[in-house]
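Report on one structure; see the data block that follows.
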Amino acid sequence: MISCKISINKLIYCYVYMMFVYLSFEPVILNVVNMISSSLLFPVRYSFEVVGYVLLVVTLIFKGMTGKKIKFNKLDLYITLTILVSVVSSMLYTSSFAVFLIGFRYFFRYVYIYILIRLSDWGTEQSKKIYKILLGILFIEYILCLWQLLDRSSSDLLLMPSYGEVIEGINSMMEQLSSDLAVYGSFGRYNMLGYFLALAIWYIMAERESCRDDERRKYTILLLLSFVLLFLSYSRQTLVAIVLAFIMFKLHKSKYGFKQLMTVSFITLVTVVTVFFVTAQSTLNLADTSGVGIVSASISDRYLSMLNLDFFIIDYIGYGRTWFITDGIALLLSENPVLGYGLGMYGCPDTISLDPSVYHMLGIPMTYYMDVFIGCIIGQVGLLGFLVYMKAYMVILKDAVKCSTHTLGNSREYIVTAITTYGVVLSTLLMMMFSSSLSNRVMGFFVWLMIGMMISMKQSEKGDGGARCGK
């Protein structure tokens with residue numbers, strides 16, 4: 001039985017490592033597969049996920065046979081409550097079981113990674129391997145992006161996705177990615193590279209935060225190179241999210257309490273969205289829709305446009321994300337504000353063809369920009385589901401900041417993991433307001449990977465007592 005347990009743990013470790021590598025190079029791998037046979041695209045793309053679900057079932061069966069109790073925590077409680085709310089909402093409103101299943105996968109994507117890590121004996125050794133893989137991929141991205149800058153035509157033959165709509169929205173995004181300076185490395189899309197860099201930058205900052213003085217220089221160089229790459233990826237939301245999350249992290253470590261800071265942050269967010277809404281409504285007929293989502297400007301224009309009111313007006317009128325953040329959410333709350341419309345009924349690209357009734361009923365356009373995840377949450381599980389869902393992430397953030405400040409007795413690896421988890425989760429939550437971050441194949445994996453690593457290391461660091469994370 002012991003050898004079986006070791007084997008299952010090793011399978012979980014290998015699976016997580018392989019998923020990290022595969023998702024980082026998926027567009028390149030699928031390009032090669034497409035050259036061999038296009039009929040293999042779907043099996044290759046979804047086989048890793050299917051293997052993960054099978055591994056989860058096998059692990060649960062083994063745990064049940066051994067009779068080993070699984071320790072539940074606050075995060076598990078709020079995940080369970082979110083699932084219960086989503087099931088109740090779906091029973092009331094979701095039109096079919098197929099829509100529910102697709103919506104469930106979309107909404108809770110990669111939570112199974114967290115569960116797998118929790119069920120294994122994940123510890124410092126496994127986390128070190130993840131960080132080595134992360135740095136290895138980062139160095140490869142440096143090389144690939146340099147190749148793109150020097151010779152776009154030849155690099156695009158390998159790096160630009162050539163397999164149609166296998167990855168949702170890829171064609172429309174690639175058509176808009178016309179700037180010679182915008183890079184995306186092996187990730188196929190500039191925002192995907194931005195998501196990876198969010199993880200890499202926070203890991204490097206965490207190492208720099210906790211290392212000896214004589215080690216800081218190398219992490220400073222890595223940090224500067226990664227920020228240069230992030231600028232060249234044209235991923236504005238990622239850059240803004242990292243900066244804001246870093247400010248909040250520093251404030252959390254200072255005299256400001258967690259609840260007070262979260263309250264101020266929420267009020268600030270509501271105020272900004274309200275200002276956008278009022279401004280957009282009052283200037284409804286002052287601009288045309290040209291330029292919505294285009295990635296062809298210079299670097300300065302790309303980032304400075306965020307400070308230009310005309311950008312938001314154009315984005316709003318063209319049914320871009322500004323519209324979905326304001327009017328879209330307002331329309332969703334007008335009918336079923338408490339429980340939403342059920343899983344898969346809104347904001348899930350794979351179910352639109354199966355049941356577009358919510359869009360028709362509320363008069364919401366079906367465009368690429370409808371995937372703003374905060375709207376997806378409210379649209380599918382309502383305000384009740386949104387509050388429970390967000391509470392789960394608040395538990396993680398509070399735990400992470402405690403474990404990164406009350407460092408007595410904790411290993412450096414655990415402190416690095418806590419800081420990285422805090423940064424990745426908070427950055428993703430900020431990006432969630434303007435993008436599909438949490439439902440994204442890449443970002444969703446990174447978030448639940450880091451959460452699983454931190455929770456598991458917390459329990460294993462000090463045995464049954466857990467790591468010392470303050471009161």
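All residue numbers refer to positions in the sequence shown, counting from 1.
- Remark: the backbone N or O of M453 is not paired with any side-chain donor or acceptor of S456 at under 3.5 angstrom.
- Residues satisfying the side-chain hydrogen bond (donor to acceptor under 3.5 Å, both in side chains) test with Y110, not counting sequence neighbours, are none.
- Remark: side-chain polar atoms of E141 are paired, donor with acceptor, to backbone N or O of S186 under 3.5 angstrom.
- Here the shortest heavy-atom pairing between V381 and V85 reads O-CG1, 4.0 Å.
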Run the numbers on E207 and Y203 for side chain to side chain donor-acceptor pair (under 3.5 Å), then give the verdict. CA-CA 6 Å; E207 287 282 11; Y203 165 67; 2.7 Å; yes
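- Side-chain contact, Y316 with D327: a donor N or O sits under 3.5 Å from an acceptor N or O.
- Side-chain atoms of T417 and Y131 form a donor-acceptor pair, as typed in the model, at a separation below 3.5 Å.
- Of all heavy-atom pairs spanning I329 and I325, the tightest one is CD1-O, 3.2 Å.
- Looking at S210, its side chain never comes within 3.5 Å of a backbone N or O of V416 through a donor-acceptor pair.
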May I have the step-by-step check of ring pair (Phe, Tyr, Trp, His ring centres under 6.0 Å) for F48 and Y22, ending in yes or no? CA-CA 9 Å; F48 282 90; Y22 170 74; 4.3 Å; yes
Show the numbers, then the answer: is there a side chain to side chain contact (heavy atoms under 4.5 Å, CB included) between K391 and Y78? CA-CA 7 Å; K391 181 62 178 178; Y78 287 111; 3.3 Å; yes
Apply ring pair (Phe, Tyr, Trp, His ring centres under 6.0 Å) to F187 and F25, showing your working. CA-CA 6 Å; F187 287 86; F25 297 98; 7.3 Å; no
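- Using a cut-off of 4.0 Å between Lys/Arg side-chain N and Asp/Glu carboxylate O, R118 and D76 are scored as salt-bridged.
- The backbone N or O of Q380 sits less than 3.5 Å from a side-chain atom of S89, completing a donor-acceptor pair.
- Scanning all heavy atoms of the two residues, the minimum distance from L75 to A392 falls at CD1-O, 3.5 Å.
- A ring-ring contact (aromatic ring centres under 6.0 Å, His included) with F446 is found for one member of F20, Y195, W202 and no other, namely F20.
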Go through the steps to decide whether Y142 and S226 satisfy the test side chain to side chain donor-acceptor pair (under 3.5 Å), and finish with yes or no. CA-CA 8 Å; Y142 288 155; S226 299; 2.9 Å; yes
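- Formation of a donor-acceptor pair under 3.5 Å by the S90 side chain with backbone atoms of L343 is found in this model.
- The pair K10-E125 does not count as a salt bridge, with every side-chain nitrogen at least 4.0 angstrom from each carboxylate oxygen.
- Looking at every heavy atom in both residues, L197 comes nearest to L229 through CD1-C, 3.8 Å.
- A donor-acceptor pair under 3.5 Å links the side-chain atoms of T421 to the main chain of M450, judged by distance alone.
- Counting non-hydrogen atoms of neighbouring residues, nucleotides and ligands closer than 6.0 angstrom, the CZ atom of R216 exceeds 12 such neighbours.
- In terms of heavy-atom proximity, Q126 sits nearest to G123 at OE1-N, 2.8 Å.
- Every pair passing side-chain hydrogen bond (donor to acceptor under 3.5 Å, both in side chains) that includes a residue from residues 50-62 is listed here, sequence neighbours excluded: E49-Y53.
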How far apart are the C-alpha atoms of Y112 and F108, what are their side-chain angles, what is the distance that settles it, and do they pass the ring pair (Phe, Tyr, Trp, His ring centres under 6.0 Å) test? CA-CA 8 Å; Y112 79 91; F108 296 102; over 10 Å; no
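- Nearest heavy atom pair, residue L339 against residue L384, reads CD2-CD2, 4.0 Å.
- A distance-only check finds a donor-acceptor pair linking the side chain of S47 to the backbone of V44 [under 3.5 Å].
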